[in-house]
Structure formats: C-alpha cells, structure tokens
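The block underneath contains the structure these notes are about, expressed in structure tokens.
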There are 2 protein chains.
Amino acid sequence: MARKTGSHSEITGPRIRGAALKLFARHGFAAVSMRQIAAEVGVQAGALYLYTPDKETLLFDLLKAHMDELIAAWEEEPKGDGPLARLEGFVRFHIRFNLERTDAVFLSYMELRNLGPGNFAAIEALRRDYETRLETILRDGQAAGLFAAPDTKIATLAIIAMLTGVNTWYREGGRLSRQKVGDIYWDMVRKAVAA
Amino acid sequence: MARKTGSHSEITGPRIRGAALKLFARHGFAAVSMRQIAAEVGVQAGALYLYTPDKETLLFDLLKAHMDELIAAWEEEPKGDGPLARLEGFVRFHIRFNLERTDAVFLSYMELRNLGPGNFAAIEALRRDYETRLETILRDGQAAGLFAAPDTKIATLAIIAMLTGVNTWYREGGRLSRQKVGDIYWDMVRKAVAA
DNA sequence: GATTGTATTGAACGCGCGTTCAGATAATCT
DNA sequence: AGATTATCTGAACGCGCGTTCAATACAATC
C-alpha cells in the first residue's frame, strides 16, 4: 500500500499543521505524539517527516506563522486619526484577531518553553515587535497630552495581558457579543491611560 | 542498600513537592518524568510512590495547595476601609503574592488541562472563589457610586489577567521595585473602573 | 503502456516512560 | 539484644515515544 487516490502534498501539508495546532493547543506539545497527529490526518507517522524535519520545528512553524499573520493583519488594519482612535483600533483589533485563533494564541503563550534557544529568540523578537506598535501609540498620546499612563512600557504589557485574557473566558453564543466585549474593554483601557 | 542516614518522610515529602513544582513549571507537566523528580530529590523513582499515588495527583496537590494558600492569605490580609481602599489592597496583594510564587502561578495557568475532570473542577471552583472576592469589591463600589465599570464580571477577569501578567515580565533587580510596580498597576486599575 | 517521480506505508531502531514490588537497611520500640 | 516498623533501592513490567528507511503504489509524462 502507499498513496491513496487523490492525495497531494498541497493538501497533506496544511492538514498536518492544522491537526498539530489543534492537538498541541488541546493537550500540550509534550503530551501529543507524532502518531496522534498522523492519525488525525489519516496517514502513518513516517509521512509527517515529508513535511517537517522534526517535532520541534513543526511547533516553531506554527508559532512563527501565527506571529507573522498577527503583525501583518495589524499592518493592514485601517489606522485611526490620532492616538486615541489608534488605541481604540488596537484594542478592538487585538480582541477580534485573537478570538478568531484561540488555538494559536494559546500555543503562543504556553509552549514557548519547548523551543530551543534560537527558535525561542525568533518568536520573542516578533512578540516584542508587536508590543512596540502599541507602545508607540501610547507614547504618541502621552506626548500629545492625551494619555497619562504612569509608565508606557508597563501600560503596554498590562493592556496586552488584559486583552489576551478575553480568550480564557469568551464563549461563542454567551452573554456578550464580540462587539459588546470590544466596547467594554475599550472603555476600561481608555480610562486606564486617560490624562 | 536502602534508607540513608537521617532520611525521614517529613523531609522527603516536601522535597518531592518542591522538586516537582520547580520542574513542572520549568518544563511542563508532560515533559517531566518521575525519574527526573526523583533525581532532583536524590532518591530512586519508586520512592516517590510512598508520597503520591500517581503523577497526576502530585500535580493536583500542588495546584490545590497553591489555591488554598492564595485564598487563605487574602483572608488574612488587613481589609481597607471602603471599596476604594479594598480594591487597592487587592491589587497590591495579588501582585505581591504572585511574585513570591512564580512557579505555582505558572503551573496554575498552564497545567490545568492535565487534570482529570474531577480534579479540574475542584481547582476551577477555588479560582472562581478567589475571583468572586474581587467582584464583590467592584459591585460594592459600583453600588456606592464610586466605580463605573461597564460590567463588573468582565472587569474582574480583566483586572486579574492584567495583574497576573506582571509575572511574565518582572525580574528581581530590574528597573522597577515591587512597590513601584504596585503603584503603577494601582493607578491604572483605579482609573479603569473609576466613576 | 512503459517509465519516471512523488507520496506514502509499515516495520524497525534504541530509549525512556509510569508504575509495581520483593528485598534490604536504618531507626525505633520492647 | 532482638523484633518491628518505616523508608528506600533496584530491577522489572509492558508500552509508546521520535525518527529512519527500504519497499511500494499511485499519478503524470512520454
């Protein structure tokens, strides 16, 4: 036996990444075996090595792709006029984007420790890159006298932690719509850094 | 060979829990073997089973003890006069307590998924218990017209996520003292829920 | 319809896993 | 001093791990 009818690498590759993302997020990187991922896709474990050199690289590729997409999506987001509108845009964007990729967000916060030093540094750099975009907004607002955060670096980390926390409790079809969640968090963030 | 001079269960038990806490936090529950824990303590793997029925229970006991201590410590904290002082007390307490137990906090947020349903529910209940204590403060302040959070339940989760985030970046001997960190976060929280 | 190249299988590799338990040793008790 | 009890060792159990690779089946091309 070998390849089944209609199988192609353009299909199997993404399916492997999708299965790995789902299983890693659900059970943790170390708790998921290559055989489980293969079973989810419907191939034998050996076939995975046509698409990744090893298990850690599979994880790294998922994290790297997520961070790249996060930054790219923010770059394509329409920029508001002035720091206040830009901050509102960031708050709503971050919540919206993260709620659409709960597995990848979970992975990014949980499994960095399973990367070797080089891979770890690469993801960390992307994270700092993203954070800097928020901090720039805060500093601009501070300079314009619109904000009065006691420390823009800490405020950046505090806001991101607060917004990312939405993923831990939000459930589709719950008490609040995504729109309303955005409204609530924007209200709190706006006041927290207000002059 | 068997027991070495001066070995006692009152010493080995805590040492096992300490080693497990450190290693689980560092590498993740699934990535740490019973043999590694035993090696850290200086005994053979079999000896661990004098102190825990299995690996998952060892994790559960660590998480349970942490949550119990968190709630007990908050109960013993001097209560401020009125919602505003109580909220300030909570903010400063949460940061201080969590910074003193980084490993346990990390575990509590990362490894819940490695518990069976019953153990998971027990820890979740304790977490909700702790959260309720903050929400009560917010609701009291809201009733007194001191606060104007758009949604006390969400504000509770947002504040806790923001405060717990301190553990991800704070380093001893860094730019900011613990006191200053408390000041900064209290400023942001106070304004975020202000009327 | 034969040839070529790609995608996949299935078996195997050495290794470490969680857990059990009979036996050995040190501390304690009578 | 001798018996008892608490503590720990060391070997073993079956099992699944990540990874490799020759063999193989299919698709595409000629």
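Order of the sequence lines sets the chain letters (A, B, ...), proteins ahead of strands, with each chain counted from 1. Heavy-atom basis, side chains included; hydrogens, waters and symmetry copies ignored.
Taking the six-membered ring where the residue is Trp, B:Y185 and B:W169 present parallel rings, their angle staying beneath 30° rather than reaching 60°.
Here the side chain of B:K55 is nearest to one of C:dT9, C:dG18, D:dG10, namely C:dG18. Listed nucleotides: C:dT9, D:dT9, D:dG18. Nearest to the side chain of A:V43: C:dT9. Listed nucleotides: C:dT8, C:dT19, C:dC17. Nearest to the side chain of A:Y51: C:dT8.
Summarising the geometry, the separation between CE on A:M34 and C1' on C:dG10 is reported as 17 Å, rounded to the nearest angstrom. With rounding to whole Å, B:H27 atom NE2 is found 13 Å from C:dC17 atom P. Atom pair B:Y49:OH and C:dT20:P shows a separation of 7 Å (rounding to whole Å applied). Between B:R35 atom CZ and C:dT20 atom P there is a gap of 13 Å when expressed in whole angstrom units. Distance CD1 (B:I16) to P (C:dT19): 13 Å, rounded to an integer number of Å. Put simply, CG on A:D54 is 8 Å from P on D:dT20, counting in whole angstrom units. B:L50 has its CG atom 7 Å from the C1' atom of D:dC8, to the nearest Å. Between A:I37 atom CD1 and D:dT19 atom P there is a gap of 10 Å when expressed in whole angstrom units.
Looking at heavy-atom distances under 4.0 Å, B:V41 makes no contact with the nucleic acid at all.
Judged by distance alone, with hydrogens and angles left aside, the side-chain atoms of B:K55 form no donor-acceptor pair with the main-chain N or O of B:M34 at under 3.5 Å. A side-chain donor-acceptor contact under 3.5 Å links A:N167 to the backbone of A:N98.
Nearest-nucleotide mapping onto DNA chain C: of B:Q36 and A:A45, the residue sitting toward the 5' end is A:A45.
Between A:T12 and C:dT8, a side-chain N or O to OP1/OP2 separation shorter than 4.0 Å is present. Residue A:S33 places no side-chain N or O under 4.0 Å from the OP1 or OP2 atom of D:dG16.
Ion pairing between a basic and an acidic side chain is recognised when a charged N comes within 4.0 Å of a carboxylate O; B:R128 and B:E131 show no such pairing.
The side-chain tip of A:R127 points at the ring of A:Y109 from less than 6.0 angstrom away and within 45° of straight on.
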